[in-house]
Amino acid sequence: QSLVSALAHLGYRSAHGADFWANMTMRKAWISYLHEDGPFEPALQVLLDHGYNAVTDAPTVLGWRDMIARFPDAKVVLTTRDSAEKWYESFAAKMHYPPDLILVTMMFQAWLYGLDIEGYWKFLSN
């Protein structure tokens, strides 16, 4: 989240992993691209249509090759961790249900907005 905040401070609107939970159109476009051998351009276009001009986090970072090919002059920020183990611990923690209150809040939002929370977690874990 700190990178998203820093980019916002610089005037960028970043697509972040949680944005795909709340937006079924974005989620479907990126599922098609990443998991069904769909084309990149529709996945990119859905981000642009929603006003994003930067990306962070999964799933968009998984398309880095196509992003660089499409935007060869783009700036890339590489974040690092103290060790691969610390990175993996952080990453793995995001691939499971969040604990207690956060989970209840997300389930309520899923119900309220008619979202499929199980589908969202499956999407993240792929």
Side-chain angles (χ1 to χ4, degrees):
Q1 292 297 72
S2 57
L3 181 56
V4 172
S5 296
L7 290 170
H9 184 72
L10 295 171
Y12 293 96
R13 183 163 183 243
S14 298
H16 190 65
D19 298 317
F20 292 83
W21 178 67
N23 190 312
M24 186 65 82
T25 303
M26 287 178 17
R27 190 177 351 156
K28 285 181 179 180
W30 280 82
I31 286 172
S32 174
Y33 165 60
L34 293 172
H35 304 296
E36 299 169 355
D37 294 323
F40 172 68
E41 285 299 322
L44 172 62
Q45 191 60 49
V46 75
L47 295 176
L48 298 173
D49 290 347
H50 285 86
Y52 294 105
N53 57 4
V55 295
T56 60
D57 202 13
T60 55
V61 297
L62 300 174
W64 69 269
R65 286 181 181 91
D66 288 323
M67 289 280 189
I68 289 175
R70 179 70 161 73
F71 302 101
D73 296 326
K75 303 286 189 253
V76 176
V77 177
L78 175 63
T79 58
T80 61
R81 290 272 183 177
D82 295 339
S83 68
E85 292 77 18
K86 287 192 184 259
W87 174 85
Y88 181 78
E89 288 171 14
S90 173
F91 180 78
K94 294 175 184 171
M95 296 297 111
H96 299 91
Y97 280 99
D100 306 330
L101 185 57
I102 296 171
L103 175 59
V104 171
T105 302
M106 291 177 81
M107 290 176 75
F108 173 74
Q109 290 175 343
W111 170 81
L112 182 65
Y113 296 113
L115 301 173
D116 174 13
I117 194 167
E118 293 296 326
Y120 174 68
W121 291 112
K122 182 178 178 189
F123 172 68
L124 287 180
S125 66
N126 284 334

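Residue numbers start at 1 and run along the sequence shown.
Leu62 contributes atom CG, which lies 8.0 Å from atom CH2 of Trp30 (distance to the nearest 0.5 angstrom). Here Thr60 contributes atom OG1 and Asp66 contributes atom CG; the two are 12.5 Å apart, rounded to the nearest 0.5 Å.
Considering only residues two or more places apart in sequence or on other chains, Val76 meets the side chain to side chain contact (heavy atoms under 4.5 Å, CB included) condition with none of them. In this view, Phe40 and Tyr33 satisfy the ring pair (Phe, Tyr, Trp, His ring centres under 6.0 Å) rule, not counting sequence neighbours. The side chain to side chain donor-acceptor pair (under 3.5 Å) test applied to Thr56 returns His16, not counting sequence neighbours. For Ser5, there are no side chain to side chain contact (heavy atoms under 4.5 Å, CB included) partners two or more places apart in sequence or in a different chain. Remark: Glu85 pairs with Ser83 by the side chain to side chain contact (heavy atoms under 4.5 Å, CB included) rule, at least two apart or across chains.
Residues Phe20 and Leu44 are members of one and the same hydrophobic cluster, defined by side-chain heavy-atom contacts under 4.5 angstrom among Ile, Leu, Val, Met, Phe, Trp and Tyr. Linking ILVMFWY residues whenever their side-chain heavy atoms come closer than 4.5 Å, directly or via other members, places Met67 and Met26 in the same cluster.
Through chains of ILVMFWY side-chain contacts below 4.5 Å, Trp64 is grouped with Ile68. Chaining together hydrophobic side chains whose heavy atoms lie under 4.5 Å apart places Val77 alongside Leu3, Leu7, Leu10, Tyr12.
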Less than 3.5 Å apart, which donor and acceptor atoms pair up between the side chains of residues 47-54 and the rest of the protein, not counting sequence neighbours?
| unit_1 | atom_1 | unit_2 | atom_2 | d |
| --- | --- | --- | --- | --- |
| Asp49 | OD1 | Gln45 | NE2 | 2.7 |
| His50 | ND1 | Val46 | O | 2.7 |
| His50 | NE2 | Asn23 | ND2 | 3.0 |
| Asn53 | OD1 | Arg13 | N | 2.6 |

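Contact record, Ser14 with Asp19: O-OD2, 3.5 Å, taken as the closest heavy-atom pair. Ala29 approaches Pro42 most closely through the heavy-atom pair CB-O, 4.2 Å.
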